[in-house]
A.B. asks: 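Can you keep this structure in mind? I'll have questions shortly.
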Amino acid sequence: MAFVAIEGIDGSGKSTVILQLAEMLPKVYVTREPSGGPIGRLIKEWALKGGTIDPHVDALLFAADRIEHYKREIEPKVREGYIVISERYIESSIAYQGAAGVPIDFIKIINSAVPKADITIILDVDPEIAIARIKQRGDSEKYEHSAFLKRVREIYLQRAREEGYPVVDASRPPNVVAKDVAEIITQMLNYRKYKGGNSCVNRQQ
Ligand SMILES: Nc1ncnc2c1ncn2[C@@H]1O[C@H](COP(=O)(O)OP(=O)(O)OP(=O)(O)O)[C@@H](O)[C@H]1O
Ligand SMILES: Cc1cn([C@H]2C[C@H](O)[C@@H](COP(=O)(O)O)O2)c(=O)[nH]c1=O
């Protein structure tokens with residue numbers, strides 16, 4: 001049916017919003033990156049725990065995980081008629097590995113084996129708020145530092161301007177954020193229907 005990517009810095013509220021979207025929209029399949037596959041597990045258990053020595057390696061691992069994830073899980077579920085909602089996709093690599101110093105053209109090339117999501121939505125929040133939320137949650141990962149997340153946020157916002165991605169103010173209460181995101185998805189899906197057929201909103205990189 002359609003493939004939606006929900007993006008944003010750590011602690012922006014992606015998991016919280018996606019849980020609510022699954023109640024608000026019909027026939028939703030929820031997934032995330034890093035995926036639950038072997039490369040995703042390697043990322044979670046090794047790369048995100050500080051195992052890699054160069055951010056190009058992170059970029060390559062995330063791209064490899066994504067290709068497997070898209071071909072094994074996302075594409076089949078879209079074909080079965082689901083609205084597939086992924087927490088993170090290509091824009092996460094552009095924002096995080098870009099902020100870590102990997103050239104964006106390199107990231108685009110290694111991700112060129114998979115299409116862009118039909119709909120990409122950025123949840124935007126000040127990194128200080130996000131960090132406070134993460135601290136409350138009680139765990140902390142490699143990228144969860146204010147200065148780094150500021151750079152990640154800037155790249156997300158720049159990409160939103162360039163690509164026309166909707167940006168949602170995620171500093172508001174979760175149910176308000178989820179309602180906005182559900183409305184954007186519904187409107188974009190209706191527009192797609194009106195334009196005719198199942199063609200995707202944007203498939204180029
Ligand atoms: N809109 C909100 N207002 C206040 N707190 C929120 C909001 N959304 C989420 N939270 C809380 O902030 C914390 C992080 O939320 P969540 O896990 O949904 O973020 P995330 O973007 O998925 O984070 P990560 O990328 O690190 O997995 C959780 O404790 C959650 O309850
Ligand atoms: C897909 C992807 C993820 N990351 C980073 C972003 C987060 O810090 C972690 C994922 O963990 P979370 O459960 O979402 O907190 O990985 C990245 O740097 N590049 C990527 O492509």
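In what follows, every heavy atom counts, from backbone to side chain, and hydrogens, waters and symmetry copies are set aside. Numbers here simply count residues along the sequence, with the first being 1. Order of listing sets the numbers, starting from 1, for every ligand and every atom in it.
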A.B. asks: Have a look at Arg66 and tell me which of Leu61, Ile74, Ile39, Ile90 forms a side-chain contact (heavy atoms from CB on, under 4.5 Å) with it.
C.D. replies: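 Looking at Leu61, Ile74, Ile39, Ile90, the match for Arg66 under the side-chain contact (heavy atoms from CB on, under 4.5 Å) is Ile90.
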
A.B. asks: Kindly determine whether Glu33 and Ser86 satisfy side chain to side chain donor-acceptor pair (under 3.5 Å), including the steps that lead there.
C.D. replies: CA-CA 7 Å; Glu33 293 186 358; Ser86 181; 4.8 Å; no

A.B. asks: Could you tell me how the ring of Tyr70 sits relative to the ring of Tyr89: parallel (under 30°), tilted (30 to 60°) or perpendicular (over 60°)?
C.D. replies: tilted

A.B. asks: Is Gly8 near ligand 1, meaning one of its heavy atoms is under 4.0 Å from it?
C.D. replies: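 The answer is no, since Gly8 has no heavy atom less than 4.0 Å from ligand 1.
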
A.B. asks: Give yes or no for whether the N/O distance cutoff of 3.5 Å, strictly under, is met between Ile134 and ligand 1.
C.D. replies: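 There is no such contact.
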
A.B. asks: Please report which non-hydrogen protein atom sits nearest to atom 11 (O) of ligand 2, along with the residue it belongs to and the distance in Å to one decimal place.
C.D. replies: Glu141 OE1, 3.4 Å

A.B. asks: Among protein heavy atoms, which sits nearest to atom 14 (O) of ligand 2, and what does the distance come to when rounded to 0.1 Å?
C.D. replies: Arg88 NE, 2.8 Å

A.B. asks: Can you figure out which of Gln20, Arg133, Lys135, Gln136 has its heavy atom closest to atom 3 (N) of ligand 1?
C.D. replies: Arg133

A.B. asks: Considering only heavy atoms, does Asp58 approach ligand 2 within less than 4.0 Å through its side chain, its backbone, both, or neither?
C.D. replies: neither

A.B. asks: Determine, using heavy atoms of Lys44 and all atoms of ligand 2, whether some pair is separated by less than 4.0 Å.
C.D. replies: no

A.B. asks: If hydrogens are left out, which of Asp10, Asp65, Leu149 has an atom nearest to atom 7 (C) of ligand 2, that is, the closest non-hydrogen atom?
C.D. replies: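 Of the listed residues, Asp10 has the closest heavy atom.
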
A.B. asks: Go through it in stages, so that I can follow the logic: the residues are Tyr29 and Glu73, the test is side chain to side chain donor-acceptor pair (under 3.5 Å), and I'd like the CA-CA distance, side-chain angles, deciding distance and then a yes or no.
C.D. replies: CA-CA 10 Å; Tyr29 179 85; Glu73 194 174 345; 2.7 Å; yes

A.B. asks: How close does the nearest protein non-hydrogen atom get to atom 19 (N) of ligand 2, and which residue and atom is it?
C.D. replies: Gln97 OE1, 2.8 Å

A.B. asks: Of all the non-hydrogen atoms in the protein, which one sits nearest to atom 16 (O) of ligand 2, and at what distance?
C.D. replies: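 Going atom by atom, the protein heavy atom closest to atom 16 (O) of ligand 2 ends up being Leu48 CD2, 3.6 Å.
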
A.B. asks: Check Arg32 against ligand 2 and report side chain, backbone, both or neither, counting heavy atoms closer than 4.0 Å.
C.D. replies: side chain

A.B. asks: How far is atom 1 (C) of ligand 2 from its nearest protein heavy atom, and which residue and atom name does that atom have?
C.D. replies: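 The answer is Arg66 NH2, 3.6 Å.
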
A.B. asks: Please verify the inter-ring angle class for Tyr143 with Phe148; under 30° counts as parallel, over 60° as perpendicular, anything in between as tilted.
C.D. replies: parallel

A.B. asks: How far is atom 4 (N) of ligand 2 from its nearest protein heavy atom, and which residue and atom is that?
C.D. replies: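 The protein heavy atom lying closest is Phe62 CZ, 3.4 Å.
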
